[in-house]
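None of the values given here were measured: they were computed from a predicted structure. Both ligands and their constituent atoms are indexed starting at 1 by order of listing.
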Amino acid sequence: MATIAFIGLGNMGVPMAANLVKAGHKVVAFDLVAASRNQAESDGAAIAESAVASVKGAEVVITMLPAGRHVLSVWTDIVPAMGNGTLIIDCSTIDVESAKQAHEFAARHGVASIDAPVSGGTGGARGATLTFMCGGEEEAFAAAKPVLEKMGRKIVHCGGGGAGQAAKICNNMILGISMIAVSEAFSLAEKLGLSHQALFDVASTSSGQCWALTSYCPVPGPVPTSPANNDYKPGFASALMVKDLSLAQDAAKAAGAATPLGKHAQEIYQAFASEGSGDVDFSGIIQHVRHLAAK
Ligand code: NAD
């Protein structure tokens with residue numbers, strides 16, 4: 001079993017680190033926030049005094065941080081303190097450009113690196129059922145896979161450095177757009193006097209079928225496990241959807257890709273979050289869509 005440093009003990013990091021402990025790894029953890037460190041300690045991790053101290057003697061280092069600037073700043077401190085031939089894995093969702101810079105920095109210091117953003121949310125983190133989308137060299141991926149398997153169910157190698165982040169924002173752009181499409185369809189159905197169940201029964205077995213409808217239906221009833229049945233508690237918060245759609249827009253601009261629906265979806269979720277709904281599940285966007293009709 002390996003010694004693993006884990007930096008960034010937030011909503012995702014705490015349960016992910018706990019699963020590594022459960023799998024028998026020695027986890028040395030660090031976060032800026034004392035309450036997060038205490039939680040990780042009660043889950044069985046050793047706590048380091050700083051990010052740099054946590055990586056001393058670690059064979060694998062994992063970061064799970066809010067954004068690209070946090071990852072670059074933390075990697076700048078810790079990568080030079082890591083041993084030659086060790087491995088660093090960033091599981092945060094960050095912009096593709098920062099991810100590539102982080103890989104280049106690690107390579108300059110003889111440290112193997114993988115970007116491995118996740119899908120599956122806090123439930124997936126707790127249940128060790130996350131999907132990891134990985135970018136980096138084949139050898140680094142092979143070394144990362146057995147560690148990621150203790151926190152997730154599906155581990156996909158998407159290509160070279162930054163490819164994991166690219167896959168994540170492309171997937172979430174599909175999700176953001178399709179949730180609005182499904183919400184508009186239910187909103188129109190309501191105006192036309194069509195019941196939620198009737199639209200669901202037809203669309204879920206017709207060409208309108210998609211994950212946003214069949215697994216995460218934005219109206220209560222047809223899919224009992226969807227957040228719509230639980231007052232739109234996340235799940236996946238609208239603020240995080242705004243973040244991912246904004247990253248997709250930045251990447252589209254930088255790469256010269258046309259994504260007009262992605263841009264519009266970003267604006268719609270941004271408006272919803274600005275109305276005080278940033279911590280509402282993103283499927284709650286149906287409330288915003290209904291409200292638009294009244295304007
Ligand atoms: P979070 O804000 O709960 O946790 C981030 C943690 O990083 C915090 O505890 C913070 O104190 C810590 N941190 C920040 N700067 C630090 C530093 N310099 N050194 C040490 N610790 C530092 O965020 P989260 O929900 O755990 O998400 C983490 C990442 O995973 C984000 O990039 C997010 O977009 C992505 N993600 C989140 C979800 C989700 O459902 N929450 C789902 C998929 C992906």
Handout entry: atom 23 (O) of ligand 1 protein-contacted, heavy-atom criterion under 4.0 angstrom
Key =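 No, because not a single protein heavy atom sits under 4.0 Å from atom 23 (O) of ligand 1.
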Handout entry: Heavy atom of protein inside 4.0 Å of atom 2 (O) of ligand 1, strictly below
Key =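 Protein heavy atoms within 4.0 Å of atom 2 (O) of ligand 1 - there are none.
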Exercise for the section: Pick, from K243, R69, M64, the option with the minimum heavy-atom distance to atom 30 (O) of ligand 1. Expected result: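 Residue with the shortest heavy-atom distance to the ligand atom: M64.
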Handout entry: Pairing of R37 and E41 as salt bridge, 4.0 angstrom limit
Key =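 Salt bridge: no.
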Exercise for the section: Decide whether S246 and Q266 meet the rule of one side-chain donor and one side-chain acceptor closer than 3.5 Å. Expected result: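 Indeed, the side chains of S246 and Q266 share at least one donor-acceptor pair under 3.5 Å.
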Practice task
Tell me, with the steps shown, if K154 and F132 meet side chain to side chain contact (heavy atoms under 4.5 Å, CB included).
Solution key: CA-CA 6 Å; K154 193 159 173 54; F132 287 89; over 6 Å; no
Using a 3.5 Å cut-off on N or O atoms only, is [X] in polar contact with ligand 1?
X    : result
M12  : yes
S92  : no
T93  : yes
L65  : yes
K168 : no

Problem - Exam field: side chain T214 to backbone C210, donor-acceptor pair closer than 3.5 Å - result: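 Indeed, once roles are kept as given, a pair shorter than 3.5 Å links the two residues.
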How far is [atom] from its nearest protein heavy atom, and which residue and atom name does that atom have?
atom                    : result
atom 15 (N) of ligand 1 : L32 CD1, 3.7 Å
atom 25 (O) of ligand 1 : N11 CB, 3.6 Å
atom 18 (N) of ligand 1 : V74 CG2, 3.4 Å
atom 4 (O) of ligand 1  : G10 CA, 3.2 Å
atom 40 (O) of ligand 1 : G121 CA, 3.6 Å
atom 6 (C) of ligand 1  : D31 OD2, 3.6 Å

Exercise for the section: Any atoms of ligand 1 less than 4.0 Å from a non-hydrogen atom of V33? List them with their elements. Expected result: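 Per the distance check, 11 (O).
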Problem - Distance filter under 4.0 Å to L240 heavy atoms, resulting ligand 1 atoms - result: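 Checking each atom against L240, I get 34 (O), 38 (C), 39 (C), 40 (O), 41 (N).
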Handout entry: Mode of L9 contact toward ligand 1 - side chain, backbone, both, neither (heavy atoms, under 4.0 Å)
Key =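 Within the 4.0 Å criterion, L9 contacts ligand 1 through backbone atoms alone.
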Problem - Steps toward side chain to side chain contact (heavy atoms under 4.5 Å, CB included) verdict (W75, D90) - result: CA-CA 9 Å; W75 279 39; D90 180 44; 3.6 Å; yes
Exercise for the section: Look at ligand 1 and say whether P66 reaches it with a heavy atom at a distance under 4.0 Å. Expected result: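 P66 counts as a contact of ligand 1 under the 4.0 Å cut-off.
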Exercise for the section: Measure the spacing between OG1 of T131 and CZ of R153 and express it to the nearest 0.5 Å. Expected result: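 Reported value, rounded in 0.5 Å steps: 8.5 Å.
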Problem - side chain to side chain donor-acceptor pair (under 3.5 Å), paired with D115, selected from K100, H103, Q165 - result: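 Of the listed options, the one satisfying the test is H103.
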Handout entry: Aromatic ring pairing F141/H157, orientation class (parallel under 30°, perpendicular over 60°, tilted between)
Key =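 Correct class here is parallel.
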Exercise for the section: Give the ring-plane orientation class for F236 versus F282, where under 30° counts as parallel, over 60° as perpendicular and anything between as tilted. Expected result: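 The arrangement is perpendicular - the two ring planes meet at more than 60°.
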Exercise for the section: Say whether I4 and I7 are linked into one hydrophobic cluster, either directly or through other cluster members, by side-chain heavy-atom distances under 4.5 angstrom. Expected result: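 No, separate clusters.
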Exercise for the section: Would you please indicate if the ring centroids of F200 and H196 are separated by under 6.0 Å? Expected result: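 So the answer is no for these two rings.
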